[in-house]
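We're numbering straight along the sequence, starting at 1. Since the structure is predicted, the reported quantities are computational estimates derived from the model, not experimental observations.
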Amino acid sequence: MPTEIIHPYITSDKEIGSGRPIISGTRTRVSNIVAYHKLGLSPDELAREFPHLTLSQIHDALSYYYEHQEEIDREIDEESEDNIKKLLSK
């Protein structure tokens, strides 16, 4: 039986980010952290870009991503598609 990993810094709230995973106590979505990480930012660099987050919160967001990769990748793709549509409509 697989072990369930607990992510103490990750939550979801329908009132914040449409229920998508966020870092607890913030409005920062896990997908935002992952998108910047995919662009090459290290956890330390992310902590400088998001000074309201601790390194522990950032590492937990990345850990959550690796356990829910398909879901978070889909969210990033949807956001990218929406942003491209907004740019083209200007």
Side-chain angles (χ1 to χ4, degrees):
M1 187 163 118
T3 304
E4 183 179 335
I5 305 297
I6 305 228
H7 296 280
Y9 298 107
I10 308 302
T11 191
S12 323
D13 183 335
K14 290 180 184 177
E15 301 295 318
I16 303 170
S18 303
R20 293 180 170 169
I22 58 171
I23 296 175
S24 300
T26 75
R27 300 181 76 77
T28 305
R29 292 185 300 199
V30 170
S31 62
N32 293 349
I33 298 300
V34 172
Y36 279 103
H37 186 64
K38 285 183 169 198
L39 289 173
L41 273 69
S42 70
D44 287 331
E45 291 169 322
L46 288 166
R48 284 191 290 277
E49 291 294 317
F50 296 90
H52 64 287
L53 300 179
T54 66
L55 205 47
S56 296
Q57 289 171 310
I58 291 166
H59 280 286
D60 197 30
L62 295 173
S63 173
Y64 181 91
Y65 166 68
Y66 289 115
E67 290 188 16
H68 302 89
Q69 199 164 355
E70 190 174 306
E71 168 194 346
I72 301 300
D73 283 342
R74 186 172 44 252
E75 183 180 333
I76 292 169
D77 289 344
E78 288 170 4
E79 288 174 13
S80 296
E81 212 173 283
D82 289 344
N83 288 335
I84 289 169
K85 286 177 185 174
K86 285 177 188 173
L87 285 172
L88 293 175
S89 69
K90 287 185 177 183

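Interatomic distance, OG1 of Thr26 versus NE2 of His52, reported as 5.0 Å (0.5 Å rounding). Residue His68 holds its NE2 atom at 9.5 Å from OG of Ser63, rounded to the nearest 0.5 Å. The OG atom of Ser42 lies 6.0 Å from the CZ atom of Arg48; values are rounded to the nearest 0.5 Å. In this structure, His59 NE2 and Leu53 CG are separated by 12.0 Å, a value rounded to the nearest 0.5 Å.
Looking at Glu15, Glu71, Glu78 one by one, the single match for salt bridge (charged side-chain N to carboxylate O under 4.0 Å, His left out) with Arg20 turns out to be Glu78.
Contact of the His7 side chain with the Pro21 side chain is not registered, since no non-hydrogen atoms from C-beta on lie closer than 4.5 Å. Looking at heavy atoms from C-beta onward, Glu75 lies out of side-chain contact with Val34 at the 4.5 angstrom threshold. Ile10 has its side chain within reach of Ile23: a pair of non-hydrogen atoms, C-beta onward, lies under 4.5 Å apart. Between Glu79 and Asn32, the closest side-chain pair of non-hydrogen atoms falls below 4.5 Å. Residues Ile33 and Leu46 are in side-chain contact: their nearest non-hydrogen atoms beyond the backbone lie under 4.5 Å apart. Looking only at side-chain heavy atoms (C-beta outward), Tyr64 and Ile72 come within less than 4.5 Å of each other.
What you find for Ser12 and Gly19 is that their closest heavy atoms are CB-O, 3.3 Å. The heavy-atom pair separating Leu55 from Ala47 by the smallest distance is CD1-CB, 4.2 Å. When all heavy atoms are compared, the tightest approach of Ala35 to Ile76 is N-CD1, 4.1 Å.
Residue Ile5 is not grouped with residue Ile58 when hydrophobic side chains (ILVMFWY) are merged at heavy-atom distances under 4.5 angstrom, including chains of intermediate members.
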For Leu39 and Glu45: C-alpha separation, side-chain torsions, deciding distance, then whether side-chain contact (heavy atoms from CB on, under 4.5 Å) applies. CA-CA 11 Å; Leu39 289 173; Glu45 291 169 322; over 6 Å; no
